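It should be emphasised that the depicted structure is a prediction, and the values quoted were computed from it without experimental measurement.
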Amino acid sequence: MLNPVGQTSSGFDNISQMLHSAASGVRSVSTSIKTVIHLANGWRQADAQWFLTNAFKPGKFQPTDVDVIATSFYPFYNSAATFSSLQQSLAWIASTYNKDVFVAETDFPVQACPNAISEPSIPTTEAGQITWMSRLRGVLSAVGGHAIGFSYWEPTWLQNADLGSHCGSALLFQSNGIARSSISIFGSSNVVTSSSSKTTLTTAKKSTTTGGGGACAVKYAQVCFCIVLE
């Protein structure tokens, strides 16, 4: 965050002050806007604990400055990124700080992956994508009322299908712009998937409510699909 000023190697004073200033700026515009802090490797409780306990400082960044603590959760960067470790970490965050939690980034590959998959029983297929998201939803439900939901990132980046994973495509769309079957978990009837123009992938409407939670497709940079728990 804003290196080198925000580097934690020299301590947390600078980053704590910057986070507090950012939150204060948001609050000065509107007290109804939700503030979010996003942690990489949020599935690892030790990392979340290390960052949060150091970043929260008297007179600087405080738990009251943030409404939601978000995390990233990918299956291919570390074999220890399991559903059980994520649940343990999110439960700790929610109970320790009484904050809502949200998985802001997750995806799953549909092609062979040279990296070790953290949940090896899930196949790298479109059906596997559905299983990954369904089990993730179960983890969030188990965390309890503080779990908001998750966002699939990034579902439509056709020019970068592996999303940095070296695993082949992890998108929810094929290279020709046609949606994969796995998009059905979001209730995709209102998402344009015509193969006649790839630009349709940047046109997303609010989708129908499905199952026990709301599904949403939100236009932001590319396209973001999220499941919101109710």
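- A distance of 9.5 Å separates CG in Asp107 from CG in Asp162, rounded to the nearest 0.5 Å.
- Aromatic pair Phe12/Phe61: centroids not less than 6.0 angstrom apart.
- A side chain to side chain contact (heavy atoms under 4.5 Å, CB included) with Gln87 holds for exactly one of Thr82, Val139, Leu140, Leu136; it is Val139.
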Trp132/Phe73 under ring pair (Phe, Tyr, Trp, His ring centres under 6.0 Å): CA gap, chis, key distance, verdict: CA-CA 11 Å; Trp132 175 263; Phe73 181 60; 5.0 Å; yes

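- Under the 30°/60° scheme for interplanar angles, the aromatic rings of Tyr77 and Tyr74 are found to stand perpendicular.
- In summary, Lys99 and Asp67 do not engage in a salt bridge, as defined by a charged side-chain N under 4.0 Å from a carboxylate O.
- To the nearest 0.5 Å, atoms OG1 (Thr131) and CD1 (Ile185) are separated by 8.5 Å.
- In the model, Gln111 has no side-chain atom that pairs as donor or acceptor with a side-chain atom of Ser169 under 3.5 Å.
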Check against ring pair (Phe, Tyr, Trp, His ring centres under 6.0 Å), Phe108 and Phe76: CA-CA 8 Å; Phe108 194 84; Phe76 34 65; 8.0 Å; no

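- Residues Arg44 and Asn41 form a side-chain contact, since some pair of their non-hydrogen atoms from C-beta on lies under 4.5 Å apart.
- Note that the NE2 atom of His146 and the CG atom of Leu90 stand 12.0 Å from one another [nearest 0.5 Å].
- Note that the OG atom of Ser16 and the NZ atom of Lys60 stand 6.0 Å from one another [nearest 0.5 Å].
- To the nearest 0.5 Å, atom CZ of residue Phe173 and atom CG of residue Leu158 are 8.5 Å apart.
- If you take OG on Ser21 and CD on Gln17, they are separated by 4.5 Å, rounding to the nearest 0.5 Å.
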